[in-house]
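Heads up: the structure comes next, in structure tokens.
Everything quoted here is computed from the prediction, not taken from an experiment.
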Amino acid sequence: MKLTRFEDLECWQQGRELTRMVYSATRGEAFKKDLRLAGQIQASATSTMANCAEGFIRRSDKEFIQFLFIAMSSAAEVQSHLYVALDQGYIDPESFQQIYDQADKTAKIISGLIRYLRTKSTKQIYPVKCGAHFIGARQTKQTK
């Protein structure tokens, strides 16, 4: 299946769910006392999905990968901010774990996409010949 829209990317979909969860948590009364932290964690979550989308429309896998690394870093930033929110009593341990796990899931999907794109860009297709006939193609890694 060829992806034609960034909305079809699983990493973007999971980033969107992460963003929804973060915004839900920051609506709580406790979080309203710390608008700066609420804004930072919201921006980190939003950056996760936005960088997946922005990278998708770039012209090369190399640029896409750069944006995916930023998205993955933003997911880690959400996780770090969650510790502050937990330590300050803004969220309960259950909410912490749910959002943390979603950020982890999102980062793992992004990491998998990065690995795929790196592998894809290092492979070449060579024709496979049987006697005088071409019977298909195989991919092999390029050697440097």
Side-chain angles (χ1 to χ4, degrees), residues 1-129 134-144:
M1 176 176 100
K2 183 168 170 91
L3 300 175
T4 57
R5 303 169 350 132
F6 68 81
E7 293 93 336
D8 296 329
L9 291 169
E10 186 178 359
C11 60
W12 182 86
Q13 294 167 3
Q14 295 302 320
R16 183 180 181 195
E17 177 59 18
L18 174 62
T19 302
R20 187 199 63 73
M21 292 171 78
V22 164
Y23 271 81
S24 179
T26 57
R27 282 190 202 104
E29 285 300 316
F31 243 117
K32 290 182 180 175
K33 298 174 189 171
D34 195 338
L35 294 177
R36 184 175 178 146
L37 179 62
Q40 286 177 317
I41 195 169
Q42 288 170 349
S44 299
T46 303
S47 174
T48 302
M49 63 186 282
N51 278 291
C52 291
E54 190 171 351
F56 181 76
I57 65 159
R58 293 299 173 136
R59 294 189 185 270
S60 72
D61 286 350
K62 182 179 177 183
E63 285 183 287
F64 191 10
I65 289 168
Q66 288 174 328
F67 279 90
L68 290 173
F69 271 114
I70 295 167
M72 195 165 52
S73 299
S74 294
E77 190 176 346
V78 168
Q79 290 172 315
S80 183
H81 291 320
L82 284 170
Y83 280 102
V84 177
L86 179 66
D87 293 346
Q88 296 304 311
Y90 300 162
I91 57 174
D92 59 52
E94 184 180 338
S95 295
F96 167 90
Q97 196 61 56
Q98 289 173 345
I99 300 168
Y100 189 96
D101 289 347
Q102 181 63 33
D104 193 51
K105 178 181 180 179
T106 304
K108 285 178 180 174
I109 292 168
I110 294 168
S111 178
L113 181 53
I114 290 169
R115 272 193 314 277
Y116 167 77
L117 291 170
R118 282 182 163 172
T119 302
K120 184 181 105 174
S121 67
T122 62
K123 289 185 177 181
Q124 264 188 321
I125 297 177
Y126 295 96
V128 176
K129 219 173 171 184
F134 286 100
I135 58 170
R138 68 183 165 111
Q139 292 184 338
T140 60
K141 282 195 173 189
Q142 291 179 348
T143 55
K144 293 183 179 181

Revision key, fill the gap. Heavy-atom nearest pair, Ile41 first then Val22, reads O-CG1, 3.7 Å
Review point. What residues form a side-chain hydrogen bond (donor to acceptor under 3.5 Å, both in side chains) with Gln40, not counting sequence neighbours?
Key: none
Check your understanding: Do Arg115 and Ser111 have side-chain atoms, one donor and one acceptor, less than 3.5 Å apart?
Key -> yes
Point to revise | CD1 on Ile57 to SG on Cys52, rounded to 0.5 Å | key: 13.0 Å
**Study point:** With sequence neighbours excluded, residues passing side-chain contact (heavy atoms from CB on, under 4.5 Å) with Tyr100
**Key:** Gln79, Leu82, Tyr83, Phe96, Gln97
Study note, to complete from the structure: Output for pair (Ser74 OG, Met49 CE), nearest 0.5 Å, gives 12.5 Å
Review point. Going from NE2 on His81 to CG on Leu86, what distance comes out if it is rounded to the nearest 0.5 angstrom?
Key: 14.5 Å
Check your understanding: So which heavy atom on Asp92 is nearest to which on Ser95, and how close?
Key -> OD1-N, 2.6 Å
Practice item. Identify which one of Asp101, Thr46, Thr48 satisfies the side-chain contact (heavy atoms from CB on, under 4.5 Å) criterion when paired with Leu18. Key: Thr48
Point to revise | All side-chain contact (heavy atoms from CB on, under 4.5 Å) counterparts of Ala107, not counting sequence neighbours | key: Met72, Ala75
Review point. Which pair of heavy atoms, one from Ile110 and one from Leu68, lies closest together, and at what distance?
Key: CG2-O, 3.3 Å
Review point. According to the ring-ring contact (aromatic ring centres under 6.0 Å, His included) rule, which pairs have a member within residues 28-51, sequence neighbours left out?
Key: Phe31-Tyr90
Revision key, fill the gap. Arg58 meets the side-chain contact (heavy atoms from CB on, under 4.5 Å) criterion, sequence neighbours left out, with Glu54, Glu63, Phe67
Review point. Of all heavy-atom pairs between Ser44 and Val78, which one has the smallest distance, and what is that distance?
Key: CB-CG2, 3.5 Å
**Study point:** Minimal non-hydrogen separation, Ile65 against Arg118, with atom names
**Key:** CD1-CG, 3.8 Å
Review point. Say you draw a straight line from CG of Leu9 to CZ of Arg16; how long is it, rounded to the nearest 0.5 Å?
Key: 13.5 Å
Point to revise | Those residues that, when tested against Ser80, pass side-chain hydrogen bond (donor to acceptor under 3.5 Å, both in side chains) (two or more places apart) | key: none
Exercise for review: Go through the steps to decide whether Asp8 and Phe56 satisfy the test side chain to side chain contact (heavy atoms under 4.5 Å, CB included), and finish with yes or no.
Suggested key: CA-CA 10 Å; Asp8 296 329; Phe56 181 76; over 6 Å; no
Revision key, fill the gap. Scanning both residues in full, the closest heavy-atom pair of Ala25 with Ile99 reads CB-CD1, 3.7 Å
Check your understanding: With Asp104, which residues qualify under salt bridge (Lys or Arg N to Asp or Glu O under 4.0 Å), at least two apart?
Key -> Lys108
Practice item. List for me each residue that meets side-chain hydrogen bond (donor to acceptor under 3.5 Å, both in side chains) alongside Gln13, sequence neighbours excluded, and say none if there are none. Key: none
Revision key, fill the gap. With sequence neighbours left out, the residues meeting side-chain contact (heavy atoms from CB on, under 4.5 Å) with Lys105 are Gln14, Gln102, Ile109
**Study point:** Listed partners of Thr19 passing side-chain hydrogen bond (donor to acceptor under 3.5 Å, both in side chains), at least two apart
**Key:** none
Check your understanding: How would you list, by chain and number, every residue that makes a salt bridge (Lys or Arg N to Asp or Glu O under 4.0 Å) with Lys32, sequence neighbours excluded?
Key -> Glu29
Check your understanding: Which residues satisfy the ring pair (Phe, Tyr, Trp, His ring centres under 6.0 Å) test with Phe6, sequence neighbours excluded?
Key -> Trp12
